[in-house]
Amino acid sequence: MRGPSGAGKSLLLRALADLDPNDGELSLDGERREAMPAPHWRRRVTYLPAEPGWWAETVGAHFADWAAAEPLVEALGLPAASRDWPVSRLSTGERQRLALVRALVQRPRVLLLDEPTAGLDETARDAVETLIATRLAEGAAALWVTHDAGQARRLARRCLRVEGGRVTEDAP
Amino acid sequence: MSYIQLDVFDLALAALLVVLNGALSIALQLRLERQLFIATLRMIVQLFLVGLVLTTLFTLVSPGWTGLAALAMVLFAGREIMARQDRPLAGLWSYGLGTGCMLVAACLVTVFALTTPVQPEPWYHPRYALPLLGMILGNTMTGISLGLHTLTTGLVRDRVAVEAQLTLGATRRVAMLPVTRAALKSALMPIVNAMAATGLVALPGMMTGQILAGVAPGEAVKYQILIMFLIAGGTGLGATAAVLACGLRLSDRRHRLRLDRLAPARE
C-alpha cells in the first residue's frame with residue numbers, strides 16, 4: 001500500500017486492528033470481527049506501527065516466551081544477548097526489528113505493517129523481507145505500507161494506493 | 001478540663017504578626033501586602049461564618065440540615081478536584097466522576113465511624129459528623145485528584161506503550177496496568193507518608209487541638225489513630241474507585257484507548 005504522507009495509511013491499518021472507533025465490516029476466515037473479543041482479533045490481525053511502543057525497561061520483558069523469539073531475533077541479525085538490553089538504548093532499526101519479532105511470535109494470521117523496514121540498512125531489510133515472505137508462504141497475509149517501489153515489486157501480489165481518503169488499485 | 005478562652009484582644013494581638021509581615025512587604029517592596037491583606041480578611045470572614053453555621057447546626061441537631069451542610073462540602077470539594085486536573089474528562093464526566101467517587105467513599109467511611117467506633121447520640125450529631133467528614137473529605141479529595149491527574153497525564157504520555165500492548169492482544173486492564181499502578185501510588189502516597197511521619201515530624205492538627213482543649217494526650221492519640229484509619233480508608237476507597245472508573249471511561253468495550261474522551265489540553 002502506497003500513498004503520500006498523511007493520506008490515511010496508518011489510520012486505515014489502525015482501523016483494521018480495531019484500535020480506533022470505525023464502522024467498516026470485517027471478517028477473518030468467515031468469522032466477523034465483532035463476534036470475537038477485540039484482544040482475540042488483534043492477536044490474529046496484528047498491527048505493527050512505524051514507531052512501536054515499549055512498556056518495560058528491558059527487551060526481554062516484552063516477550064512472554066523468549067526461547068521462541070530467539071531464532072527470529074537472530075534471523076534478523078540481532079544477538080540473543082539483546083534480551084538484556086535496555087529499551088532506551090535501542091536504535092530505531094533495532095526497535096523495528098524487535099517489535100516485528102514481538103508480533104511474529106504470536107503467529108498472527110494477518111500482519112498490518114507500517115513501513116517496517118524504513119530505518120534499516122540493506123542487509124537488515126533483506127532479512128525482514130525474507131522472514132515475512134516465509135510467513136506468507138505458510139499462509140499468513142500482510143498489508144504492507146511502503147514508500148519503496150522496489151520493495152513493492154519484490155513482495156506484493158496486489159498494490160493499493162491511498163490518496164485523499166480513497167483506496168484504489170495501483171499498478172505494481 | 002482546663003480550657004483557656006480567647007477574646008478579641010488576644011486575636012488582635014496575634015494579628016500584629018500578620019501586620020508585621022505586611023509592613024515588611026511594604027518596606028522591602030515585595031508587593032505581597034495586597035494578597036496578604038485579602039487572604040487574612042477572607043480567613044477571618046470565612047471562619048467566623050463557619051463558626052456561625054456550626055453553632056446553628058449544633059443547636060438544631062437536625063439530620064436534614066446536617067446532610068445539606070455535608071452535601072455542600074462534597075460539592076465544593078468536587079469542584080476542587082476538577083480544578084486540579086490538567087486534562088480532565090470531557091463533559092459532565094469531569095465533575096461527576098471525581099465527585100461521585102468522593103461522595104460515596106467519604107460518606108461510607110464517615111457513617112461507619114459514626115455508627116461503630118464513635119457512636120454519638122444521635123449518630124448524625126453535627127458536632128461529630130461534620131468535623132469527621134471534613135477531615136476525611138479533605139484527604140479523599142487530595143487522593144482522588146492526584147490519582148486522576150496521574151492517570152490522565154500518564155495515559156496521554158504513555159499512549160504508544162499502552163497501545164503497543166493492545167495491538168498484541170492484551171486486555172485494556174493489562175495494557176493500562178502500569179499507568180493505573182502509578183496513579184494509585186501517587187494517590188495513596190500522601191496518607192502513607194503522613195502515617196509514617198506523624199508524631200515524629202509534626203503533631204497532627206486535630207490531636208493538637210484536642211490537647212489544647214484540655215483532653216489528656218493519651219485520649220487525643222487514640223482519636224488521632226482512629227482518624228488516620230478513617231482517612232486511609234476513605235482515600236483508598238475513593239481513589240481506587242475514581243482511578244478504575246476513569247480508566248474504564250478512557251477505554252471501551254473493544255479494548256481501545258479512548259483519549260478522545262478527555263477535554264482538550266489547556267493553554
Side-chain angles (χ1 to χ4, degrees), chain A residues 10-11 13-24 26 32-57 59 61-65 69 87-88 95-96 98-114 116, chain B residues 87 89-94 97 147 149-186 243-265:
Chain A
S10 302
L11 273 180
L13 295 191
R14 286 179 60 89
L16 295 176
D18 208 5
L19 283 168
D20 295 316
N22 61 91
D23 18 69
L26 265 79
R32 280 184 57 247
R33 175 174 72 178
E34 278 67 32
M36 61 178 100
H40 210 116
W41 172 263
R42 293 193 195 112
R43 227 166 286 147
R44 297 194 200 172
V45 181
T46 303
Y47 166 57
L48 184 65
E51 283 170 25
W54 304 85
W55 60 89
E57 298 274 319
V59 169
H62 294 84
F63 292 84
D65 180 8
V87 169
S88 54
R95 281 170 199 247
Q96 277 185 310
L98 286 165
L100 175 64
V101 173
R102 203 170 64 181
L104 287 179
V105 284
Q106 304 199 96
R107 300 215 144 256
R109 288 273 290 105
V110 180
L111 281 162
L112 307 169
L113 304 168
D114 201 347
Chain B
R87 295 291 307 269
L89 291 168
L92 283 176
W93 286 93
S94 128
L97 192 136
H149 179 81
T150 314
L151 183 76
T152 52
T153 52
L155 286 177
V156 170
R157 192 194 58 218
D158 295 341
R159 185 180 70 89
V160 178
V162 174
E163 287 198 332
Q165 295 215 65
L166 291 176
T167 56
L168 293 167
T171 60
R172 53 178 162 170
R173 195 189 70 80
V174 170
M176 299 203 305
L177 191 58
V179 185
T180 310
R181 242 186 231 137
L184 284 175
K185 189 175 170 183
S186 75
V243 165
L244 291 184
C246 187
L248 284 178
R249 175 65 192 157
L250 289 176
S251 56
D252 64 21
R253 278 170 194 210
R254 297 299 292 173
H255 299 263
R256 305 174 185 120
L257 192 58
R258 296 296 300 273
L259 296 181
D260 54 310
R261 290 175 179 170
L262 286 174

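Lettering follows sequence order; numbering is per chain, from 1. Predicted model, so just to flag it, every value in this text is computed and none were measured.
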Out of A/Gly53, A/Pro39, A/Pro108, return the one with the most heavy atom pairs under 4.5 angstrom to chain B. A/Pro39
Please classify the contact of A/Arg102 with chain B as side chain, backbone, both or neither, using a heavy-atom distance under 4.5 Å. both
Using heavy-atom distances under 4.5 Å, tell me whether B/Arg258 contacts chain A through its side chain, its backbone, both, or neither. side chain
Is any NZ, NE, NH1 or NH2 atom of the basic residue among A/Asp18 and B/Arg256 found under 4.0 Å from an Asp or Glu carboxylate oxygen of the other? yes
Heavy-atom contact with chain B under 4.5 Å, split by part of A/Ala103: both
Nearest-0.5 Å distance that lies between atom CG in B/Leu168 and atom CD in A/Gln106: 5.0 Å
Please examine the side chains of B/Thr167 and A/Leu48, heavy atoms only from C-beta on, and report whether any two atoms are closer than 4.5 Å. no
Between B/Ala161 and A/Trp54, what is the shortest heavy-atom contact and its length? CB-O, 3.2 Å
For chain A, the option from B/Arg254, B/Glu163, B/Arg253, B/Arg172 that forms the most heavy-atom pairs under 4.5 Å: B/Arg254
For the atom pair NE2 (A/His40) and OG1 (B/Thr171), what is the distance rounded to the nearest 0.5 Å? 14.0 Å
Under 4.5 Å from any heavy atom of chain B - which part of A/Pro49: neither
Could you check which of A/Glu51, A/His62, A/Glu34 has the highest count of heavy-atom pairs closer than 4.5 Å to chain B? A/Glu34
Flag the pair B/Gln165 / A/Arg42 as yes when at least one side-chain heavy-atom distance between them is below 4.5 Å, and no otherwise. no
